[in-house]
*Asks:* 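This structure is in structure tokens; I'll ask about it shortly.
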2 protein chains.
Amino acid sequence: MKPDHGIRILINRLARIDSAAGWAGGLNPTQRAALEYLSEANQFSRSPSHVADYLGTTRGTMSQTLKALVRKGYAAEHRQKSDQRSISYELTEAGAAAVTEPNPIADAIGSLPASVQAALKEGLLQSLRLALAANGGQSFGKCKTCAYHDAASESGFCTLLGLGLEPGESDKICVEHKEA
Amino acid sequence: MKPDHGIRILINRLARIDSAAGWAGGLNPTQRAALEYLSEANQFSRSPSHVADYLGTTRGTMSQTLKALVRKGYAAEHRQKSDQRSISYELTEAGAAAVTEPNPIADAIGSLPASVQAALKEGLLQSLRLALAANGGQSFGKCKTCAYHDAASESGFCTLLGLGLEPGESDKICVEHKEA
DNA sequence: GCCATTAGTATCGACTCGCTACTATATCAA
DNA sequence: TTGATATAGTAGCGAGTCGATACTAATGGC
């Protein structure tokens with residue numbers, strides 16, 4: 001039987017229309033998506049490999065994209081002490097400002113009834129979970145919903161890495177995330 | 001206030017993951033999206049301009065993309081008699097086959113409960129309508145839901161163009177569509 | 001017949017994309 | 001300790017999208 005591509009095509013079309021609006025500030029849509037991920041990810045999850053996994057592209061492409069962001073002043077490289085091979089990118093002030101800019105698609109969605117928004121988000125999340133499971137991908141959830149998260153200490157503690165979290169970091173995305 | 005980009009980012013991420021799977025058969029994701037549109041649009045709606053409007057890109061880019069599809073044997077050009085400037089593209093057999101191929105994201109969505117799928121589709125459609133209205137874009141609906149559609153005759157009649165429709169065409173997308 | 005409009009295209013520079021090949025660091029085992 | 005192997009990041013290739021601009025050709029109004 002012919003598969004029903006209807007919803008998939010709707011998602012792609014919305015993303016495409018959003019892309020057309022994503023060229024603001026000298027950025028292109030991919031660079032903007034990477035920037036948005038960096039703003040949501042914790043310090044252990046901001047390497048080229050991680051961003052590539054999250055966005056479904058390759059290390060090579062993402063390496064170039066991140067270097068472009070640095071060149072444009074939206075991000076900065078930061079070599080890790082623990083593993084000299086890996087690099088953690090972080091947003092500059094300009095980068096942090098760019099991700100909060102208004103956006104027509106976000107506005108359109110925001111003006112929908114709350115119940116419709118909730119149903120939409122739930123449907124998208126379930127689709128994403130299934131798609132990632134089929135791909136063998138990671139969940140990329142937030143620390144506070146993670147099985148390794150210990151909320152007892154001051155600003156949270158990661159029992160997997162044996163490290164304390166920075167303030168506010170329990171609300172960030174982590175590559176090691178495992179649903180509690 | 002900082003806008004909530006959550007749902008927008010989910011949509012983009014799903015589209016991005018889908019894109020990675022969209023390289024099958026020597027096509028790239030954009031070429032596939034154009035092919036999918038051509039398979040759903042009626043004979044008056046398959047020009048470079050129309051596909052560009054539908055997918056939110058420019059005539060120049062879409063012109064190149066459609067020529068690539070012809071070069072690869074998935075589509076064919078067809079000059080209109082009425083207006084010698086415009087071109088209508090149509091799918092070849094290979095093109096028609098390519099749009100029915102299975103797809104991991106479509107499968108994931110298809111395996112969700114019917115109620116979740118319905119809510120998802122409804123939320124996406126409402127978002128799309130608002131986004132298009134904000135952009136001044138067309139609705140691109142199907143003939144059978146159009147104010148100009150007269151279902152009395154054999155296979156439908158377009159009262160705007162004053163033309164009879166081909167069999168099955170009332171289920172196709174039209175640029176001139178106006179919600180009844 | 002003139003002129004503004006429209007449809008399609010060619011070309012430019014920047015960039016993504018998958019891919020392959022390479023370097024440097026890290027890890028593990030004999 | 002010394003390989004052997006895996007991992008992180010990158011450079012470079014060819015194809016092609018993308019916005020932008022500048023063109024040609026056909027159309028339609030006046």
Side-chain angles (χ1 to χ4, degrees), chain A residues 12 15-35 37 44-72 74-75 77-89 175-176, chain B residues 12 15-35 37 44-72 74-75 77-89 135 138 175-176:
Chain A
N12 277 321
R16 223 161 247 289
I17 293 171
D18 182 49
S19 287
W23 289 83
L27 288 168
N28 68 37
T30 300
Q31 288 163 359
R32 187 170 297 278
L35 212 58
Y37 171 78
F44 314 115
S45 311
R46 290 193 229 115
S47 72
S49 304
H50 297 146
V51 190
D53 275 355
Y54 183 81
L55 293 176
T57 183
T58 60
R59 280 175 299 149
T61 298
M62 194 43 64
S63 176
Q64 293 310 110
T65 298
L66 292 172
K67 295 234 170 280
L69 286 176
V70 171
R71 198 169 59 241
K72 293 178 179 180
Y74 291 108
E77 296 191 14
H78 184 323
R79 216 102 210 173
Q80 299 284 126
K81 278 177 208 154
S82 51
D83 188 334
Q84 289 291 124
R85 292 172 302 179
S86 66
I87 294 178
S88 183
Y89 284 85
V175 268
E176 307 286 3
Chain B
N12 278 321
R16 213 144 200 122
I17 293 170
D18 183 48
S19 287
W23 289 83
L27 288 168
N28 69 36
T30 300
Q31 289 163 359
R32 187 169 297 277
L35 211 58
Y37 171 78
F44 314 115
S45 310
R46 289 194 229 114
S47 72
S49 304
H50 297 146
V51 190
D53 275 356
Y54 183 81
L55 293 176
T57 182
T58 59
R59 280 176 299 149
T61 298
M62 194 43 65
S63 177
Q64 293 309 110
T65 298
L66 292 173
K67 294 236 171 277
L69 286 176
V70 171
R71 200 167 59 240
K72 292 178 180 180
Y74 291 108
E77 295 190 15
H78 184 321
R79 216 102 210 174
Q80 299 286 126
K81 279 177 204 153
S82 52
D83 188 335
Q84 289 292 123
R85 291 172 303 180
S86 65
I87 294 179
S88 183
Y89 284 86
N135 276 13
Q138 296 131 289
V175 268
E176 307 286 3

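In what follows, chains are A, B, ... by sequence order, proteins preceding strands, each numbered from 1. Predicted, not measured: the structure shown is a model, and the values here were computed from it.
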*Asks:* Using 0.5 Å steps for rounding, measure from the CD1 atom of A:I17 to the CG atom of A:N12.
*Replies:* 11.0 Å
*Asks:* Can a side chain N or O of A:N28 be found less than 4.0 Å away from OP1 or OP2 on C:dT16?
*Replies:*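 Yes, within the criterion.
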*Asks:* Is a donor on one side and an acceptor on the other found under 3.5 Å between the side chain of A:S19 and the backbone of A:A15?
*Replies:*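 The answer is yes, because a donor-acceptor pair under 3.5 Å joins these two groups.
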*Asks:* Contact class for B:R71 (heavy atom, under 4.0 Å): base, sugar-phosphate, or nothing?
*Replies:* sugar-phosphate
*Asks:* Can you pull the contact range of chain B along DNA chain D, 5' to 3', using atoms under 4.0 angstrom from its heavy atoms?
*Replies:* D:dG16 to D:dT27
*Asks:* Using modelled atom types only, decide if a donor and an acceptor are shared between the side chain of A:R16 and the backbone of B:T57 within a distance under 3.5 Å.
*Replies:* no
*Asks:* Contact class for A:S88 vs. all strands (heavy atom < 4.0 Å): base, sugar-phosphate, or nothing?
*Replies:* nothing
*Asks:* Tell me whether the side-chain N/O atoms of B:R16 come closer than 4.0 Å to OP1 or OP2 in C:dC17.
*Replies:* yes
*Asks:* Give a yes or no on whether the backbone of A:V175 and the side-chain of A:S45 come within a donor-acceptor separation of less than 3.5 Å.
*Replies:* yes
*Asks:* Side-chain contact, heavy-atom cut-off 4.5 Å: B:R59 with B:S49?
*Replies:* yes
*Asks:* Are A:K67 and C:dC15 close enough that a side-chain N or O sits under 4.0 Å from OP1 or OP2?
*Replies:*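 Checking A:K67 against C:dC15: no side-chain N or O falls below 4.0 Å of OP1 or OP2.
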*Asks:* Identify, residue by residue, the members of residues 51-66 of chain A with a heavy atom below 4.0 Å from DNA chain D, and return them in order of residue number, or none.
*Replies:* A:R59, A:G60, A:S63, A:Q64
*Asks:* Using 0.5 Å steps for rounding, measure from the CD atom of B:E77 to the OH atom of B:Y89.
*Replies:* 4.0 Å
*Asks:* Just how far, in rounded Å, is P of C:dG8 from CD of B:Q84?
*Replies:* 12 Å
*Asks:* How long is the straight-line distance from CG of A:N28 back to OG1 of A:T65, given to the nearest 0.5 Å?
*Replies:*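 Rounded to the nearest 0.5 Å, the OG1-CG separation comes out at 7.0 Å.
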*Asks:* To the nearest 0.5 Å, tell me how far B:L27 CG sits from B:L35 CG.
*Replies:* 6.0 Å
*Asks:* Identify which nucleotide among C:dT9, C:dA7, C:dT25 has an atom closest to any side-chain atom of B:I87, counting heavy atoms from C-beta outward.
*Replies:* C:dT9
*Asks:* 5'-most contact on DNA chain C: A:G26 or A:D83, nearest heavy atom basis?
*Replies:*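 The answer here is A:G26.
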*Asks:* Pairs in or reaching into residues 44-54 of chain B: which pass salt bridge (Lys or Arg N to Asp or Glu O under 4.0 Å), with residues at least two apart or in two chains?
*Replies:*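 Found none.
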